[in-house]
2 protein chains.
Amino acid sequence: MYNLEQLRMFVETANLGSFSACARKLGKVQSAVSQGIANLEIDFDRQLFDRSTRKPSLTPDGTRLLSYAQAILLQMDELDSAAQAMGRQEEALIRLAVDNALLLPNFYAVLARFERQFSATDIEVVSTTSFDVLEAIESDQADIGLTFVEFDFNRDVELGYIGSLNFYPVCHPQHSLAQVNEITAGDLLPHRQVMSRSSKGSVPTQLPQLSSKAWFCNNYTAMQSLTEQGIGWAYLPAYLAEESIQAGNLKKMKFSFDHKTWKLSIEMVRQKNKAMGPALAWLHDELKSLLDE
Amino acid sequence: MYNLEQLRMFVETANLGSFSACARKLGKVQSAVSQGIANLEIDFDRQLFDRSTRKPSLTPDGTRLLSYAQAILLQMDELDSAAQAMGRQEEALIRLAVDNALLLPNFYAVLARFERQFSATDIEVVSTTSFDVLEAIESDQADIGLTFVEFDFNRDVELGYIGSLNFYPVCHPQHSLAQVNEITAGDLLPHRQVMSRSSKGSVPTQLPQLSSKAWFCNNYTAMQSLTEQGIGWAYLPAYLAEESIQAGNLKKMKFSFDHKTWKLSIEMVRQKNKAMGPALAWLHDELKSLLDE
DNA sequence: TAATAACCATCGGTTTTGGTGATATGTATA
DNA sequence: TATACATATCACCAAAACCGATGGTTATTA
């Protein structure tokens, strides 16, 4: 029966076009490679290389089998690197809980880098409301999370400020509030506000309810779509709002009482006193500068 | 360095939950497996099994590495079966050229069975017009083909009748011809016919042009769509026509001169005097009964 | 044309490895 | 407590892989 070393000889020889070169690369003598390949050919009962020319060249059969051999070696590399990763105590799985407003391009870029660094560690991304993110961390359903600050959540989690995100009040361009130049609190009252709310019914503490009626979503893109339909006004993350404003689907509202744009503080959350493996530590570090530019 | 036999012991032991059982299955003694696994654990520098209980059970690390090991063994099976397929002279690639009207569910079913039978043989399907199918076979761009009979193609290919397909004349329900109860050749003349035509400009010899104006497609689904748009009338394969008639998008036309429905003869084509490998022979045989029910 | 340098196949001798069988130990079950 | 079944360990053996030397072949260069 053939073995992995012979398969390695096979692909190396195919790459280098020479038994001796392959031997040098693999730290063996030429005759070992010569015999190894010969044995492989006996096992497969196929000739892999044509030796009639100066340099051994792949036969059609060899070409066809080569891709299979390469696949095996690739899998083997993954097995090795997985074993090594485990030697470095890298986690098998990291569960991320993220407020859906924070699924920024930068966030995905961090995950892409993570993949390259820790290919043996799986990732689970759950996007939800900030309140649910905090609950997921607290109940050990997630290892690390990104949330907006929630003032009334004083439980046992480890928080760290990492930046902020602008929110704009917006409504449909034809909405009656869109025409008003200095919207007062009284103006807002009779209208409908589209708001975020967690699965447990918690409303974000940083964004006030200013209208008497409200519709609730658990994600901001739904809020964006509803507002675009003219169903009400909403505070939307700047990047979503601007996208719609550019397209002419939404208009920024002018409040008489908001002198500065709303900035929601963003925190990274972890379980208190829980050890971090190398992968989680790396992620924790990288996410700190998620909001930097 | 670990080897394939050890990986096999690993997955077998994990499956059976016992070193001895694994040894029995692999035809070795128990101590061989015990040592093999122990050596694997040394190589990986990870403990794979927990021996504290009665039956060795996978550690978390073992579970994680098991899937990698299984992947390698699967790849190995594929390598083996590819090598064996080559020993049986099975082809690396079979190129099919098929008139696009003949891409019937049955056709795909045959390919699905082919895949199970000849997993090491790749398939290339080119769908085009019958005339181009014949040309592809003749010029060795395809190994086997399915076409409608083309009376003016008398070149060096091997043909065999395998059945026939009904064609209906159809037009949009609002089309003026849709209302006529006994359409004569004269009625058709002023209208537009949607027709199939090959890349070289050849028109199918079995389906006549009956109208003065024509639009041309190289595939029948395009003809179906154009006809559904009311752009003209067309002869369509029964299965396409009926689909649209059911949906109310097309209507079958009543010709005074077509007393029976048009039946186009279908042939299987191969290059003359060219040897068939086992895979091609199988396919040739299966496709013979493509039109049977 | 001769010399040189690379390359590959083959073969005897040595080392390594995987496998065997015996034995000791441990653990459920009756 | 006896039994049946599992696993770890060890000494030993045979097959395999490997090494180094040799000879034949083919390009390249002087």
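First the proteins, then the strands, lettered A, B, ... as listed; each starts at 1.
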Phosphate contact (D:dA17 OP1 or OP2) by A:Q6 side-chain N/O below 4.0 Å: yes
Carboxylate-amine/guanidinium contact B:E124 B:R95, below 4.0 Å: no
Nearest-angstrom distance from the residue atom CG of B:L4 to P of D:dA16: 16 Å
Separation of atom CD1 in A:I37 from atom P in C:dT10, rounded to whole Å: 14 Å
d(CZ, B:F19; P, C:dT27) in whole Å: 15 Å
B:S127-B:N100 side chain donor-acceptor pair, cut-off 3.5 Å: no
Closest listed nucleotide, where the reference is the side chain of B:S34 and the choices are D:dT7, D:dA17, C:dT20: D:dT7
Donor-acceptor pair under 3.5 Å, A:Q30 side chain vs C:dA9 base: yes
B:N3 CG to D:dA16 P, straight-line distance once rounded to whole Å: 13 Å
Heavy-atom side-chain contact between A:R51 and A:S57 under 4.5 Å: no
Integer-rounded Å distance: D:dA6 P and B:K25 NZ: 16 Å
Position toward the 5' end of DNA chain C (nearest nucleotide), B:N39 or B:S31: B:N39
Separation of atom CG in B:L40 from atom P in C:dT17, rounded to whole Å: 14 Å
Distance in angstrom units between A:R8 CZ and D:dC18 P, rounded: 11 Å
Rounded distance (Å) that lies between atom P of C:dT17 and atom CD of A:E5: 11 Å
Test item: B:L104 and B:L291 side chains (from C-beta on) under 4.5 Å apart, heavy atoms: yes
Sugar-phosphate, base or nothing in reach of A:S18, heavy atoms under 4.0 Å: sugar-phosphate
side-chain N/O A:R24 vs C:dC7 OP1/OP2, d < 4.0 Å: yes
Residue-phosphate contact under 4.0 Å: B:R51 side-chain N/O, D:dA8 OP1/OP2: yes
Pairwise 5' ranking along DNA chain D for A:M1 and B:Q35, keeping only the more 5' one: B:Q35
Residue mapping more 5' on DNA chain D - nearest nucleotide basis, A:M9 or A:R54: A:M9
Nucleotide nearest B:K28 when distance is taken to its side chain, options C:dG19, C:dC7, D:dA17: C:dG19
Donor-acceptor pair between A:T59 and A:D61 side chains, under 3.5 angstrom: no
